[in-house]
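Structure first, commentary second.
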Amino acid sequence: MADHDPVMRAARNGFGVLMVAILAVWAFGFVSAGGPDQRLFDLLLLGGAVYWGSQLYYRRQSGDS
C-alpha cells in the first residue's frame with residue numbers, strides 16, 4: 001500500500017508544510033496589509049483541492065486491490 005512508502009509519506013508531509021506556510025503568509029498579509037492577497041488564497045484553495053483529490057484517488061486505488 002502506498003501509505004507505507006517512505007517517499008509517499010515524505011511528499012505528503014512536505015505538501016502539508018507547504019500548505020501551512022501558504023496559510024501563514026496569507027494570514028500575515030491579511031493582518032498587516034489590511035486585506036487578503038487573492039493569489040495566496042487561490043494557491044491555498046488549489047492546494048486543498050489537490051490534496052483532497054489525491055486522497056480520493058488513493059482511497060479508490062486501495063479499494064481496487
Side-chain angles (χ1 to χ4, degrees):
M1 189 166 152
D3 290 334
H4 299 293
D5 184 19
V7 175
M8 182 63 76
R9 285 186 291 183
R12 190 179 308 146
N13 290 342
F15 182 75
V17 168
L18 179 63
M19 292 301 297
V20 170
I22 288 173
L23 179 63
V25 169
W26 179 78
F28 178 75
F30 184 80
V31 171
S32 65
D37 185 7
Q38 187 63 39
R39 287 186 203 142
L40 282 176
F41 185 71
D42 292 344
L43 282 175
L44 183 65
L45 288 178
L46 177 64
V50 168
Y51 172 75
W52 287 2
S54 65
Q55 239 185 6
L56 177 65
Y57 174 77
Y58 285 115
R59 281 187 188 157
R60 294 179 111 188
Q61 291 295 321
S62 67
D64 290 343
S65 36

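The model shown is predicted, which means the values in this text are computed figures rather than measured ones.
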When you group the ILVMFWY residues by side-chain heavy-atom contacts below 4.5 Å and let the links chain together, are L18 and L43 in the same group? yes
Distance check, rounded to the nearest 0.5 Å: D42 atom CG versus I22 atom CD1? 11.0 Å
What residues, two or more places apart in sequence or in another chain, satisfy side-chain contact (heavy atoms from CB on, under 4.5 Å) together with L46? V50
Does atom CZ of F28 have more than 12 heavy-atom neighbours, drawn from other residues, nucleotides or ligands, at distances under 6.0 Å? no
State plainly whether one hydrophobic cluster holds both W52 and L23, where clusters connect Ile, Leu, Val, Met, Phe, Trp and Tyr through side-chain heavy atoms under 4.5 angstrom apart. yes
In the single-linkage hydrophobic clustering (I, L, V, M, F, W, Y; side-chain heavy atoms under 4.5 Å), do F15 and V25 co-cluster? yes
